[in-house]
Amino acid sequence: MKIAMIGHKRVPSREGGVEIVVEELSTRMAIVGHHVDIYNRYYKKVKTGKNYKGTRIITIPTINRKSLDALVYSFLATIEALFRKYDVIHYHAEGSCAMLWIPHLFHIRTVATIHGLDWQRAKWGGFATIYLKFGEKIAAKYADEVIVLSKSVQLYFWDTYGRDTQYIPNGVNILDSKEADVITKKYDLSKDNYILFLARLVPEKGLHYLLEAFKNMDTDKKLVIAGASSHSNDYVKKIKKMANNDERVILTGFVQGKELEELYSNCYLYVLPSDVEGMPLTLLEALSYGCCCLVSDIEENCEVAKDYATTFKHGNVMDLQKQLGAILCSKKSYDKKLVLDYVRKKFGWNNVVESTLESYIGNKHDYKQFGKSL
């Protein structure tokens, strides 16, 4: 098949879960014989090649402002895609789905992946929220298939639009743990001497709750905050101000590669205190390293972690502090092998790719004729 991917920022990148999903889907589909074009957004000072792991990169200009970025990029990418005779155009995230009606008019098969209800996120203003809801409605009305990453969003689409959707959770790669090396040299971190928060620095991830709880903890463990802004500079300033007077707090900025692997491998505890999630890929990654995890009790976190994480009442700093203190005093024993077996069985990328290819064809019995089996 000839496939287009539209909606992410750029590949390769770890700026968010959407970028990781697009990369994994695209490169794995290319391996089994499909032609995949990845429509990257163009930003100054960020260079991308024309080919990546068997896929083709097409770079589309945009306006680097949060209220216009997705609109301009997805419109131009869609117009470009109309002339390339794709079998499927796969839109990712609600903002890009606003343009899905255009290829629908030309009878091109469209698939939409709703990575989360983006209009719920605190960083968006009035116009952006209206636009994101519009994209959601367009996907519900016109997409040939709608893919969701959580059961709660699946229920939302049925209750709101009467729309059947396909539940395909994200996948994760199981990697070997890495000994502390880079993180020791850069941040003086060692095995089990720090708590890890790893996510985009945006309000809905709940980092302010964690900082509030941590500042009252009597512990010599450090708190590592790994992540960067995502159209959320005011929030990042707030976070830096909160962390400014606590020498135990380390802000690393954006991390990837060996540094990222070492942070997951050596943390005492991974914490995700989010208020809103689509499907928390960083939580899934933490579980894939066998990390002890503490997460807010929102449905999306619980759906991923099951019984393999401790939960606290979302938005409740006192309960977060209580659960954090209990783990710091006596970390619950857990069977790392059991956790890895659970992750490997439920969240293997090959299963995700096969299910996605089925959605492209519309008949799960016929899709393998288009490429080698995974």
Side-chain angles (χ1 to χ4, degrees), residues 1-11 18-19 21-23 25-26 29-30 32-42 50-52 54-63 68-115 118-119 130-148 157 160-166 168 353 355-371:
M1 282 185 290
K2 192 174 181 182
I3 302 159
M5 296 284 184
I6 296 175
H8 58 289
K9 291 184 176 68
R10 58 191 146 269
V11 168
V18 177
E19 286 69 38
V21 171
V22 170
E23 178 177 343
L25 289 178
S26 301
M29 288 176 181
V32 295
H34 301 285
H35 177 101
V36 185
D37 286 348
I38 301 174
Y39 281 74
N40 279 2
R41 307 183 197 193
Y42 172 78
K50 294 184 178 180
N51 297 284
Y52 179 70
T55 69
R56 179 169 60 174
I57 302 294
I58 298 173
T59 303
I60 299 296
T62 185
I63 297 174
L68 295 173
D69 188 356
L71 188 159
V72 173
Y73 152 77
S74 58
F75 173 73
L76 294 178
T78 297
I79 298 304
E80 168 78 15
L82 290 179
F83 295 96
R84 294 185 180 268
K85 297 181 180 180
Y86 292 109
D87 297 301
V88 180
I89 300 178
H90 189 160
Y91 288 87
H92 292 266
E94 291 180 333
S96 67
C97 288
M99 301 300 162
L100 184 148
W101 63 274
I102 300 175
H104 174 79
L105 285 178
F106 289 87
H107 307 289
I108 300 169
R109 187 169 179 82
T110 56
V111 174
T113 293
I114 306 299
H115 290 257
D118 293 334
W119 52 267
I130 293 170
Y131 180 75
L132 291 167
K133 284 188 176 181
F134 174 73
E136 175 183 289
K137 292 176 182 177
I138 291 295
K141 185 173 183 179
Y142 294 116
D144 292 291
E145 291 285 351
V146 176
I147 296 170
V148 296
F157 265 78
T160 307
Y161 304 106
R163 172 72 199 235
D164 282 323
T165 59
Q166 189 173 1
I168 307 177
V353 174
S355 296
T356 304
L357 287 171
E358 290 172 11
S359 74
Y360 290 176
I361 303 304
N363 186 332
K364 67 182 180 180
H365 300 296
D366 293 341
Y367 79 94
K368 284 185 179 179
Q369 67 179 297
F370 291 91

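What you see below is based on every heavy atom in this structure, not just the backbone, and it leaves out hydrogens, waters and symmetry mates. If you're wondering where the values come from, they're calculated on a predicted model, not measured in any experiment.
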Euclidean distance, Ile38 CD1 relative to Ile58 CD1, rounded to 0.5 Å: 9.5 Å
Phe134 and Tyr131 aromatic ring geometry - parallel, tilted or perpendicular at 30°/60° bounds: tilted
Parallel, tilted or perpendicular, as decided by the 30° and 60° cut-offs, for the rings of Tyr39 and Tyr86: perpendicular
Residue Tyr161 excluded, over 12 heavy atoms near OH under 6.0 Å: yes
Least distance between heavy atoms, Ala143 atom then Leu100 atom: N-CD2, 3.5 Å
Gap separating the NE2 atom of His90 from the OG1 atom of Thr356, nearest 0.5 angstrom: 6.5 Å
Spatial distance of atom CD1 (Ile3) from atom OG1 (Thr55) [nearest 0.5 Å]: 11.0 Å
Shortest non-hydrogen contact between Phe157 and Thr165, atoms and distance: CB-CG2, 3.8 Å
Interatomic spacing from CD1 in Ile147 to CD in Gln166 - rounded to 0.5 Å: 5.5 Å
Heavy-atom check, side chain of Ile108 versus side chain of Leu82, under 4.5 Å: yes
For Gly54 against Ala30, the heavy-atom pair lying closest together: O-CB, 3.7 Å
Parallel, tilted or perpendicular, as decided by the 30° and 60° cut-offs, for the rings of His115 and His92: tilted
Sub-4.5 Å side-chain heavy-atom contact between Met1 and Ile361: yes
His8 backbone acceptor or donor facing Arg41 side chain under 3.5 Å: yes
Pairing of Lys2 and Asp87 as salt bridge, 4.0 angstrom limit: no
pair Met99-Tyr73: side-chain heavy atoms closer than 4.5 Å: no
Test side-chain contact (heavy atoms from CB on, under 4.5 Å) applied to Glu136 and Ile114, step by step: CA-CA 8 Å; Glu136 175 183 289; Ile114 306 299; 5.6 Å; no
Closest non-hydrogen atom pair between Ile89 and Pro103, with its separation: CD1-CB, 3.9 Å
Exercise: identify the closest heavy-atom pair between Cys97 and Gly135: CB-O, 3.4 Å
Intermediate values then yes/no, side-chain hydrogen bond (donor to acceptor under 3.5 Å, both in side chains), Ser26 and Tyr52: CA-CA 10 Å; Ser26 301; Tyr52 179 70; over 6 Å; no
Shortest non-hydrogen contact from Tyr91 toward Thr110: CE1-CG2, 4.4 Å
Interatomic spacing from NZ in Lys137 to CD in Glu94 - rounded to 0.5 Å: 11.0 Å
Check against side-chain contact (heavy atoms from CB on, under 4.5 Å), His34 and Leu357: CA-CA 10 Å; His34 301 285; Leu357 287 171; 3.7 Å; yes
Met5 and Val36, any side-chain heavy atoms less than 4.5 Å apart: yes
Atom pair NZ/OG1 of Lys9 and Thr62 - distance to nearest 0.5 Å: 10.5 Å
Under 3.5 Å donor-acceptor, Asn40 side chain and Val11 backbone: yes
